[in-house]
Participant: 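Once you've had a glance at the structure underneath, I'll fire off some questions.
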Amino acid sequence: MAPRFAPKEQVVLDPPKDTLFTLAELRQYDGVQNPSIYVAVKGTVFDVTKNSKVYGPGGSYAVFAGKDGSRGLAKSSLKPEHAVPDTEGLDEGEFTVLDDWFSYFSQRYNMMGKIVPEGEAKI
């Protein structure tokens with residue numbers, strides 16, 4: 001499940017944005033409540049809307065839409081209970097897989113911002 005390859009062609013990305021999202025706000029970007037689809041990896045939010053067939057409703061990775069799915073990506077798991085940001089207890093190999101996923105998203109999708117704790121003041 002972990003990507004270990006470069007994009008087939010150079011992807012032109014927009015400059016990273018610095019929008020701050022709580023996990024509750026991120027949930028709105030699931031392709032159902034909002035046509036945009038965002039996925040966070042290691043606390044960084046990516047716009048995956050251009051790949052809605054994969055991340056949108058009914059897609060093979062839809063479990064991650066509107067969530068920080070770091071644990072599930074690290075564990076190569078599509079179980080809904082693993083689509084959470086908690087990385088506590090992951091082993092070294094799982095962290096390597098998670099880093100690979102972060103690199104994959106960073107090379108293909110626009111960065112929209114970061115996850116902040118619920119209730120944290122936004123700038």
Side-chain angles (χ1 to χ4, degrees):
M1 183 169 144
R4 290 189 179 264
F5 49 85
K8 293 176 186 173
E9 56 189 57
Q10 182 65 29
V11 178
V12 178
L13 299 172
D14 295 336
K17 295 183 180 175
D18 57 4
T19 305
L20 301 178
F21 297 86
T22 63
L23 290 173
E25 290 166 336
L26 180 61
R27 281 193 290 273
Q28 298 172 35
Y29 296 91
D30 62 358
V32 175
Q33 300 175 65
N34 185 314
S36 295
I37 305 169
Y38 292 177
V39 172
V41 182
K42 294 172 52 171
T44 298
V45 179
F46 297 93
D47 182 349
V48 300
T49 306
K50 68 181 180 182
N51 206 353
S52 62
K53 289 183 181 179
V54 173
Y55 295 100
S60 55
Y61 287 87
V63 67
F64 299 117
K67 299 177 185 167
D68 183 328
S70 294
R71 184 172 203 80
L73 292 169
K75 296 179 85 49
S76 298
S77 171
L78 296 174
K79 293 180 180 178
E81 63 268 24
H82 288 159
V84 295
D86 178 24
T87 58
E88 187 174 335
L90 294 178
D91 64 34
E92 184 178 332
E94 291 168 329
F95 276 111
T96 298
V97 170
L98 181 56
D99 288 342
D100 288 345
W101 274 110
F102 185 84
S103 178
Y104 177 86
F105 276 79
S106 297
Q107 293 173 30
R108 287 166 180 78
Y109 302 112
N110 289 317
M111 289 185 189
M112 303 309 291
K114 297 276 186 188
I115 299 295
V116 295
E118 299 292 332
E120 184 170 305
K122 293 186 177 186
I123 299 173

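In what follows, every heavy atom counts, from backbone to side chain, and hydrogens, waters and symmetry copies are set aside.
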Participant: Check for me whether the distance between the ring centres of Tyr29 and Tyr38 falls short of 6.0 Å.
Facilitator: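 Yes - the distance between ring centres of Tyr29 and Tyr38 falls below the 6.0 Å cut-off.
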Participant: With no hydrogens and no angle check, do the side chains of Gln107 and Ser103 hold a donor and an acceptor under 3.5 Å apart?
Facilitator: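 Present: a donor and an acceptor within the cut-off.
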Participant: Rounded to the nearest 0.5 Å, what separates atom CG in Leu20 from atom CG in Leu26?
Facilitator: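 It is 12.5 Å, given to the nearest 0.5 Å.
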Participant: Taking atom OG1 of Thr22 and atom CD of Glu118, what is their separation to the nearest 0.5 Å?
Facilitator: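 Nearest 0.5 Å value for the OG1-CD distance: 4.0 Å.
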Participant: Within a 6.0 Å radius of atom NZ on Lys50, are there more than 12 heavy atoms belonging to other residues, nucleotides or ligands?
Facilitator: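 Yes - once you tally the heavy atoms of other residues, nucleotides and ligands closer than 6.0 Å, there are more than 12.
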Participant: Nearest heavy-atom pair of Ile115 and Ala40: which atoms, and what distance?
Facilitator: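 Scanning both residues completely, I find the closest heavy atoms to be CG1-CB, 4.1 Å.
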Participant: Group every Ile, Leu, Val, Met, Phe, Trp and Tyr by side-chain heavy-atom contacts under 4.5 Å, then state whether Tyr104 and Val54 land in the same group.
Facilitator: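 Linked within one cluster.
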Participant: So, for Gln33 and Arg27, which heavy atoms are closest and what is the spacing to 0.1 Å?
Facilitator: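 Smallest interatomic distance, heavy atoms only, reads NE2-O, 3.3 Å.
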Participant: Within the supplied structure, the quantity of interest is the number of heavy atoms (other residues, nucleotides, ligands) at a distance under 6.0 Å from Glu92 CD; does it exceed 12?
Facilitator: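 For Glu92, atom CD is not crowded (no more than 12 foreign heavy atoms under 6.0 Å).
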Participant: For Asn110, does its backbone N or O pair with a side-chain atom of Asp14 as donor and acceptor, under 3.5 Å?
Facilitator: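 Judged by distance alone, no pair lies under 3.5 Å.
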Participant: Less than 6.0 Å separating the ring centroids of Phe102 and Phe95?
Facilitator: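 Ring-ring flag for Phe102/Phe95: false, centres at least 6.0 Å apart.
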Participant: For Trp101 and Phe105, take the angle between the two ring planes, folded into 0 to 90°, and tell me which bin it lands in: parallel under 30, tilted 30 to 60, perpendicular over 60.
Facilitator: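 Ring orientation of Trp101 relative to Phe105: tilted.
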Participant: Might you point out which heavy atoms bring Gly31 and Ile37 nearest each other, and give the distance in Å?
Facilitator: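 Answer, listing the atom of Gly31 first, then Ile37: CA-CG1, 3.6 Å.
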Participant: Given Lys42, which partner from the list Asp99, Asp86, Asp100 fulfils the salt bridge (charged side-chain N to carboxylate O under 4.0 Å, His left out) test?
Facilitator: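 For Lys42, the salt bridge (charged side-chain N to carboxylate O under 4.0 Å, His left out) check succeeds only for Asp99.
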Participant: Any idea which heavy atoms bring Ser77 and His82 closest together, and the distance?
Facilitator: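 Minimum heavy-atom separation between Ser77 and His82: OG-ND1, 2.6 Å.
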Participant: To the nearest 0.5 Å, what is the distance between CG on Leu90 and CG on Leu98?
Facilitator: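 Nearest 0.5 Å value for the CG-CG distance: 7.0 Å.
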Participant: Compare all side-chain heavy atoms of Val41 with those of Leu73 and state whether any distance is below 4.5 angstrom.
Facilitator: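 Answer yes - side chains close enough.
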Participant: To the nearest 0.5 angstrom, please state how far the CE atom of Met112 sits from the CZ atom of Phe46.
Facilitator: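 One gets 11.5 Å once the value is rounded to the nearest 0.5 Å.
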Participant: Is any side-chain heavy atom of Phe64 less than 4.5 Å from a side-chain heavy atom of Leu78?
Facilitator: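 Phe64 reaches Leu78 side chain to side chain.
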Participant: Determine the minimum heavy-atom distance between Asp68 and Gly43, stating which atoms define it.
Facilitator: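 Heavy atoms of Asp68 and Gly43 come nearest at OD2-N, 3.0 Å.
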Participant: Distance-only, no hydrogens or angles: does the Arg71 side chain make a donor-acceptor pair with backbone N or O of Glu88 under 3.5 Å?
Facilitator: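 Such a contact is found between Arg71 side chain and Glu88 backbone.
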Participant: Looking at Lys67 and Asp30, is there a salt bridge between them, counting it only when a charged N and a carboxylate O are closer than 4.0 Å?
Facilitator: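 No salt bridge links Asp30 with Lys67.
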Participant: Would you give the length of the straight line joining atom OG1 of Thr44 to atom OH of Tyr109, rounded to the nearest 0.5 angstrom?
Facilitator: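 Separation between the atoms: 15.5 Å.
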Participant: Would you call Pro85 and Leu23 a side-chain contact if the rule is heavy atoms closer than 4.5 Å?
Facilitator: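 Side chain of Pro85 against side chain of Leu23, heavy atoms only: contact under 4.5 Å found.
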Participant: In the structure I gave you, are the side-chain heavy atoms of Lys114 and Phe21 within less than 4.5 Å of one another anywhere?
Facilitator: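 No; the side chains remain at least 4.5 Å from each other.
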Participant: Where do Ala62 and Gly56 come nearest, in terms of heavy atoms and distance?
Facilitator: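 The pair with the smallest heavy-atom distance is CB-O, 3.1 Å.
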Participant: Working to the nearest 0.5 angstrom, can you tell me the gap between Leu13 CG and Arg108 CZ?
Facilitator: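 Those atoms lie 10.0 Å apart.
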